Asks: 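A single structure is presented below for examination.
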Amino acid sequence: MLSDGRGVAVRTADPQDLAAVAVIENLSFGDPWSLSALLSELEPDPMRLPLVAELEGQVVGFLMSWIVADQLHVLNIATDPGWLRRGVGTALLREAARRGLAHGLVETTLEVRRSNLPGRAFYHRHGFRETGVRKRYYADNGEDAIILDCGLDGLAGD
Ligand SMILES: CC(C)(COP(=O)(O)OP(=O)(O)OC[C@H]1O[C@@H](n2cnc3c(N)ncnc32)[C@H](O)[C@@H]1OP(=O)(O)O)[C@@H](O)C(=O)NCCC(=O)NCCS
């Protein structure tokens with residue numbers, strides 16, 4: 001079985017990926033985005049960088065991000081639960097970093113739920129630093145968000 005992301009192909013996502021992305025979103029999050037929210041991230045927009053990861057031609061993960069000033073803001077990343085710990089998330093993050101660098105961006109930032117220990121471990125593994133807390137950021141349960149930052153340079157090649 002793959003363990004290091006070999007064989008993962010990452011490409012720009014488009015509206016035709018909506019169904020596959022929605023399945024992974026619904027399996028991955030307790031408060032999944034609506035179809036219309038997902039679709040708006042997949043529609044062509046120079047400020048958005050939606051990516052999907054494929055293994056053997058099957059969509060197994062996605063990452064959505066925005067270009068905000070000189071930062072790449074990651075909104076959402078998820079790997080199909082059947083394909084965790086095989087490098088899919090890493091392949092998505094690295095490709096997002098490469099594309100961010102190509103746009104002249106320097107840093108990436110994101111928020112993660114305080115209780116999301118797997119997500120936090122994943123980001124720490126890639127060198128993200130915790131730079132702050134947004135109190136009661138998540139409307140569904142009032143949970144805090146941890147703010148994480150990372151330079152794109154290291155991330156693209158880590
Ligand atoms: C976070 C997430 C995207 C990681 O995806 P992934 O494809 O499993 O990640 P990778 O296989 O590339 O993991 C790379 C490294 O990150 C760390 N990591 C990933 N998942 C981890 C976990 N559950 N526990 C501890 N460390 C973890 C490990 O160091 C791992 O390397 P290893 O498997 O060789 O030990 C995935 O867990 C996920 O979809 N979670 C649900 C959605 C979510 O919470 N997204 C983040 C908030 S937006």
Side-chain angles (χ1 to χ4, degrees), residues 1-13 17 20-21 24-25 27-33 37-38 41-42 45-55 58-138 140-158:
M1 199 50 82
L2 295 161
S3 60
D4 59 0
R6 274 182 301 168
V8 180
V10 178
R11 63 170 170 81
T12 303
D17 295 308
V21 165
I24 297 170
E25 171 78 11
L27 289 170
S28 302
F29 294 101
D31 62 335
W33 288 12
L38 291 171
E41 296 304 323
L42 298 174
D45 179 333
M47 293 298 128
R48 291 182 161 108
L49 283 180
L51 300 173
V52 288
E54 291 182 327
L55 267 169
Q58 178 193 342
V59 173
V60 292
F62 67 87
L63 181 153
M64 290 165 178
S65 59
W66 288 351
I67 296 169
V68 181
D70 64 351
Q71 293 189 328
L72 186 72
H73 186 69
V74 175
L75 301 169
N76 207 353
I77 177 172
T79 295
D80 182 314
W83 292 95
L84 291 169
R85 306 298 288 267
R86 291 166 172 85
V88 172
T90 297
L92 285 162
L93 204 51
R94 285 190 179 144
E95 181 61 18
R98 283 185 207 111
R99 294 191 185 203
L101 285 170
H103 276 82
L105 312 182
V106 294
E107 189 179 57
T108 183
T109 178
L110 55 87
E111 287 100 16
V112 63
R113 285 177 187 263
R114 190 187 283 284
S115 66
N116 187 349
L117 299 182
R120 290 171 70 182
F122 171 75
Y123 294 124
H124 284 139
R125 160 71 183 77
H126 289 293
F128 279 78
R129 291 175 308 119
E130 297 194 355
T131 56
V133 175
R134 292 193 209 287
K135 287 286 189 191
R136 303 186 59 78
Y137 181 75
Y138 294 98
D140 60 336
N141 65 354
E143 189 172 354
D144 294 346
I146 308 295
I147 305 168
L148 295 167
D149 289 356
C150 187
L152 290 176
D153 238 351
L155 196 52
D158 76 346

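Computed from a predicted model, the values in this text were never measured in an experiment.
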Asks: Spell out, as yes or no, whether a donor-acceptor pair under 3.5 Å connects the side chain of Asp144 to the backbone of Arg136.
Replies: yes
Asks: Tell me whether Arg94 contacts the main-chain N or O of Leu92 through its side chain, where contact means a donor paired with an acceptor under 3.5 Å.
Replies: no
Asks: Nearest heavy-atom pair of Val88 and Ala53: which atoms, and what distance?
Replies: CG1-CB, 3.7 Å
Asks: Can you measure from CD (Glu111) to CG (Asn76) and round to the nearest 0.5 angstrom?
Replies: 11.5 Å
Asks: Within the distance-only criterion (no hydrogens, no angle test), does the side chain of His73 pair as donor or acceptor with the backbone N or O of Thr109 below 3.5 angstrom?
Replies: yes
Asks: At their closest point, which heavy atom of Val8 faces which heavy atom of Ala91, and how far apart are they?
Replies: CG1-CB, 3.7 Å
Asks: Any non-hydrogen side-chain atom of Glu25 less than 4.5 Å from a side-chain atom of Leu38?
Replies: yes
Asks: Quick one: CG on Leu110 to CD1 on Ile146, what's the gap to the nearest 0.5 Å?
Replies: 11.0 Å
Asks: Can you confirm whether the side chains of Thr79 and Arg85 place a donor and an acceptor under 3.5 Å from each other?
Replies: no
Asks: Looking at every heavy atom in both Ala13 and Val52, which two are closest together, and how far apart are they?
Replies: CB-CG1, 3.7 Å
Asks: Any side-chain heavy atom of Asp149 sitting closer than 4.5 Å to one from Glu130?
Replies: no
Asks: Any idea which heavy atoms bring Leu63 and Val74 closest together, and the distance?
Replies: CG-CG1, 4.3 Å
Asks: Mind checking whether Arg114 and Val133 have side chains closer than 4.5 Å, heavy atoms only?
Replies: yes
Asks: Determine the minimum heavy-atom distance between Val59 and Ala20, stating which atoms define it.
Replies: CB-CB, 3.8 Å
Asks: If you compare all heavy atoms of Ala78 against all heavy atoms of Ser28, which two are closest, and at what distance to 0.1 Å?
Replies: CB-OG, 3.6 Å
Asks: Is Arg11 atom CZ crowded by more than 12 heavy atoms from other residues, nucleotides or ligands, each under 6.0 Å away?
Replies: yes
Asks: Going from CG on Leu152 to CG on Leu101, what distance comes out if it is rounded to the nearest 0.5 angstrom?
Replies: 5.0 Å
Asks: For this output row, return yes or no: ring centroids of His126 and Phe122 closer than 6.0 angstrom.
Replies: yes
Asks: Tell me if the CZ atom of Arg98 is crowded by more than 12 foreign heavy atoms within 6.0 Å.
Replies: yes
Asks: Let me confirm one number: the CZ-CG distance from Phe62 to Asp80, rounded to the nearest 0.5 Å.
Replies: 10.5 Å
Asks: Measure the SG-NE2 distance between Cys150 and His124 for me, rounded to the nearest 0.5 Å.
Replies: 10.5 Å
Asks: Working to the nearest 0.5 angstrom, can you tell me the gap between Leu105 CG and Leu49 CG?
Replies: 7.5 Å
Asks: Looking at residues at least two apart in the chain, or sitting in another chain, which of them share a side-chain contact (heavy atoms from CB on, under 4.5 Å) with Glu41?
Replies: Trp33, Arg48, Met64, Trp66, Leu75
Asks: So, does Thr108 use its side chain to make a donor-acceptor pair with the main chain of Leu72 at under 3.5 Å?
Replies: yes
Asks: Below 4.0 angstrom, N of the basic side chain to O of the carboxylate: do Glu143 and Arg113 qualify?
Replies: yes
